[in-house]
Amino acid sequence: MSTCPMNPVDAAWFHMDGPANPAVVTALLLTAKPLNFAKVRAVYEARLARIDRFRQRVVERGLPLPTPHWEDVADFDIDRHVHHAALPAPHDRAALCALLDDIASSPLPRDVPLWQVHVIDGVDHGSALVMRYHHCIGDGAAMMAVARRLFDTSARRQAQEPPAIEPEPEVAQGLLSSAFESVEQSAREVLAATGAAWDALMHPQPLIDKAALVLDGAGVLIGDLLKSPDPQSPFKGEFGVRKHVAWSKPVAIADAKAVAAPFNAKVNDVLVAAMAGALRTYLLRRGVDVNHTTVRAMVPVDLRPPERVGELGNEFGLVILDLPVAAASPVQRLSATKARMDELKRSPEAIGMRLLLDVFGRGPKVLEEVAQDLFGSKVSLVMTNVAGPRKTMYLAGTPIERMMFWVPHPGDQMGVGISIMSYRGMASMALIADARLVPDPQTITDEFDREFAQMHAHLLAANAKRAAAKRKAAAAATARAV
């Protein structure tokens, strides 16, 4: 049975698994019409199961220290991965949340490839499809390439490969991409020149021209290690196995752009500021003094080189973002978020983290656990986003109404994962949390809805005030002329 070594960064994500906190992504599709299970199964068998990674399991091989390898499964059986279920009465959102909690709380079997699909009937008048996969298979950008294989652009299924999905402007490449280009190209040159951190140590000559960038990244990492840990809070503490999920109402990208424009901000600045406001309100209700605490998020930054777009695997670095939970007003939170995001966009921190993942991914799990403890103590949650299709997509001939996903919060210190996904010009926030720490995550997503509505209402009021002032000035000018 053939095997091949796992990429070191992918191995790092494989090793992040814990018994109470698996590094598994859970995605959800909602349809207004029922899905045909037999047709969905056929799509996954014909399109997904032909990709090597989805027919391979992970095994540990090598001496003296075993490392993860991909191993072909000779007796691959699609029915061990694609499942069919019915949503219990009353077939509403609460029932779907309860079922999703059960699914998200279950580990993936290790004796088969690390993915599974659940087609759920009776969700309102339509269906839901839940896909879970281990993060070692790929990051969000990689899985959107997988989506291009699975979904069609019309109800009529085509024999050929579905066309590429266009990214949504400003939420396409991650929370920090828009100004990260200043160091992004140099980062990719570093990664291309070294291949991996280990190769860089053994063959340092290619690093000479780019050494300053790497050293800057290392310096930032040292600064991260010197930060005081995020204190215990409803987002940090002792974990259990049980997870709870929640999601927001869809937010129009156009509305977010309108809120952002007066501040010269980005769509992501607005969405993160709204999220920070929701977290602030939740902490206050839980008795936390928000003026004397920190809430930091670990945020991925895409570093995938153009020649590897569409490939599986993980190609991103990580940065630490301080969320402005102490800021009292939405305007203050948006201004602070923009300033902090802009600062991170110019930072080499993501490059240093990417190389660090490469280093630790080459060793045993115990080595990586040390790094997880060091960096994980500094943050409270994981926060990410993925750009979905801009137009309606179809699965087995059925239109997909909504798409969202829940990012894992691996390790044993970060208790919450927050994800933002765009689809058809709308963005949704999804939250997964440890059930012991956050037993009521829907209150956070409800606050996100309220926070964004308040930001948008503030903008409309300000615009109306400016328009009234212009009309008054114009009337005064006319009167003087007369």
Side-chain angles (χ1 to χ4, degrees), residues 22 24-41 43-44 81-108 115-133 143 147 150-151 240-251 278 282 386 388-389 392-396 398-409 416-424 426-450:
V24 175
V25 179
T26 301
L28 175 68
L29 310 179
L30 296 174
T31 65
K33 298 179 180 179
L35 288 167
N36 183 305
F37 176 74
K39 291 182 179 180
V40 171
R41 180 190 179 281
V43 168
Y44 275 84
H81 298 272
V82 182
H83 310 286
H84 197 190
L87 186 67
H91 311 290
D92 58 4
R93 176 168 172 154
L96 180 59
C97 272
L99 181 56
L100 289 170
D101 289 348
D102 290 339
I103 294 173
S105 301
S106 304
L108 293 174
W115 66 276
Q116 60 182 208
V117 168
H118 301 262
V119 177
I120 304 169
D121 296 337
V123 180
D124 292 328
H125 298 292
S127 299
L129 182 140
V130 182
M131 182 172 179
R132 305 182 71 216
Y133 63 92
M143 295 312 292
L150 290 171
F151 306 143
V241 174
R242 186 73 176 168
K243 306 293 178 190
H244 282 331
V245 303
W247 60 93
S248 72
K249 295 177 182 177
V251 169
Y282 185 78
V386 168
T392 299
M393 303 301 291
Y394 297 79
L395 174 59
T398 302
I400 300 169
E401 298 298 319
R402 289 192 70 182
M403 294 184 184
M404 65 193 79
F405 74 103
W406 290 273
V407 66
H409 47 101
V416 175
I418 296 177
S419 314
I420 297 171
M421 183 172 185
S422 63
Y423 175 56
R424 300 197 304 181
M426 308 293 284
S428 297
M429 186 190 90
L431 185 148
I432 186 169
D434 179 84
R436 289 184 181 179
L437 298 176
V438 183
D440 50 354
Q442 191 62 48
T443 60
I444 299 177
T445 54
D446 288 346
E447 281 300 323
F448 174 86
D449 296 336
R450 185 199 62 77

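Nearest heavy atom pair, residue V117 against residue M131, reads CG2-CG, 3.9 Å. Heavy-atom minimum distance, R402 versus S248: NH2-O, 3.1 Å. Residues V438 and A433 approach most closely at CB-CB, 3.6 Å, considering heavy atoms. Shown here for A95 and P88, the closest heavy-atom pair between the two residues is CB-O, 3.7 Å. The heavy-atom pair separating S127 from P34 by the smallest distance is OG-CA, 3.3 Å.
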Problem - Stepwise side-chain contact (heavy atoms from CB on, under 4.5 Å) check, Q116 with L108 - result: CA-CA 8 Å; Q116 60 182 208; L108 293 174; 3.5 Å; yes
Problem - I420 and F405: CA distance, side-chain angles, deciding distance, side-chain contact (heavy atoms from CB on, under 4.5 Å) verdict - result: CA-CA 8 Å; I420 297 171; F405 74 103; over 6 Å; no
Handout entry: Chi angles and distances behind the side-chain contact (heavy atoms from CB on, under 4.5 Å) call for H91, V123
Key = CA-CA 5 Å; H91 311 290; V123 180; over 6 Å; no
Practice task
Test side-chain contact (heavy atoms from CB on, under 4.5 Å) on I120 and L99 and set out the steps.
Solution key: CA-CA 10 Å; I120 304 169; L99 181 56; 3.6 Å; yes
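Between the CG atom of L28 and the CG atom of L129 there is a distance of 8.0 Å, given to the nearest 0.5 Å. Between R436 atom CZ and K243 atom NZ the span is 10.5 Å, to the nearest 0.5 Å. Interatomic distance, CH2 of W406 versus OG of S419, reported as 9.0 Å (0.5 Å rounding). With rounding to the nearest 0.5 Å, the separation of CD1 in I444 from CG in L431 is 5.0 Å. The structure places NE2 of H118 at 8.5 Å from OG1 of T26, a figure rounded to the nearest 0.5 Å. Considering OG of S105 and CG of D434, their distance stands at 9.0 Å, rounded to 0.5 Å.
Side-chain atoms of T31 do not come within 3.5 Å of backbone N or O of P399 as any donor-acceptor pair. Side-chain N or O atoms of R132 include one that pairs as donor or acceptor with a backbone N or O of S106 at under 3.5 Å. Judged by distance alone, with hydrogens and angles left aside, the side-chain atoms of D124 form no donor-acceptor pair with the main-chain N or O of G126 at under 3.5 Å. Distance alone, capped at 3.5 Å, is enough to place a donor-acceptor pair between the R424 side chain and the E401 backbone. Using a distance-only test at 3.5 Å, with no hydrogens or angles considered, no donor-acceptor pair links the side chain of H244 to the main chain of P441.
Considering only heavy atoms from C-beta on, Y423 comes within 4.5 Å of T392 through its side chain. Counting heavy atoms from C-beta on, the side chains of I432 and V416 never come closer than 4.5 Å. A 4.5 Å side-chain heavy-atom check between Q442 and V245 finds every atom pair outside the cut-off. At a threshold of 4.5 Å between non-hydrogen side-chain atoms, the residues M403 and P389 count as touching. A heavy-atom distance below 4.5 Å is found between the side chains of R93 and W247. For the pair R242/D102, a side-chain contact is recorded, criterion being any heavy-atom separation below 4.5 Å from C-beta on. The shortest distance between side-chain heavy atoms of V119 and H83 does not fall below 4.5 Å. Annotation: side chain of L96 is in contact with side chain of L30 (closest heavy-atom distance under 4.5 Å).
For H409, the side-chain hydrogen bond (donor to acceptor under 3.5 Å, both in side chains) test picks out N21, with sequence neighbours left out. By the side-chain hydrogen bond (donor to acceptor under 3.5 Å, both in side chains) test, Y282 pairs with R286, D440, sequence neighbours left out.
Ring-plane geometry between Y44 and W115 is classed as parallel, the angle between the planes falling under 30 degrees on a 0 to 90 degree scale with a further cut at 60.
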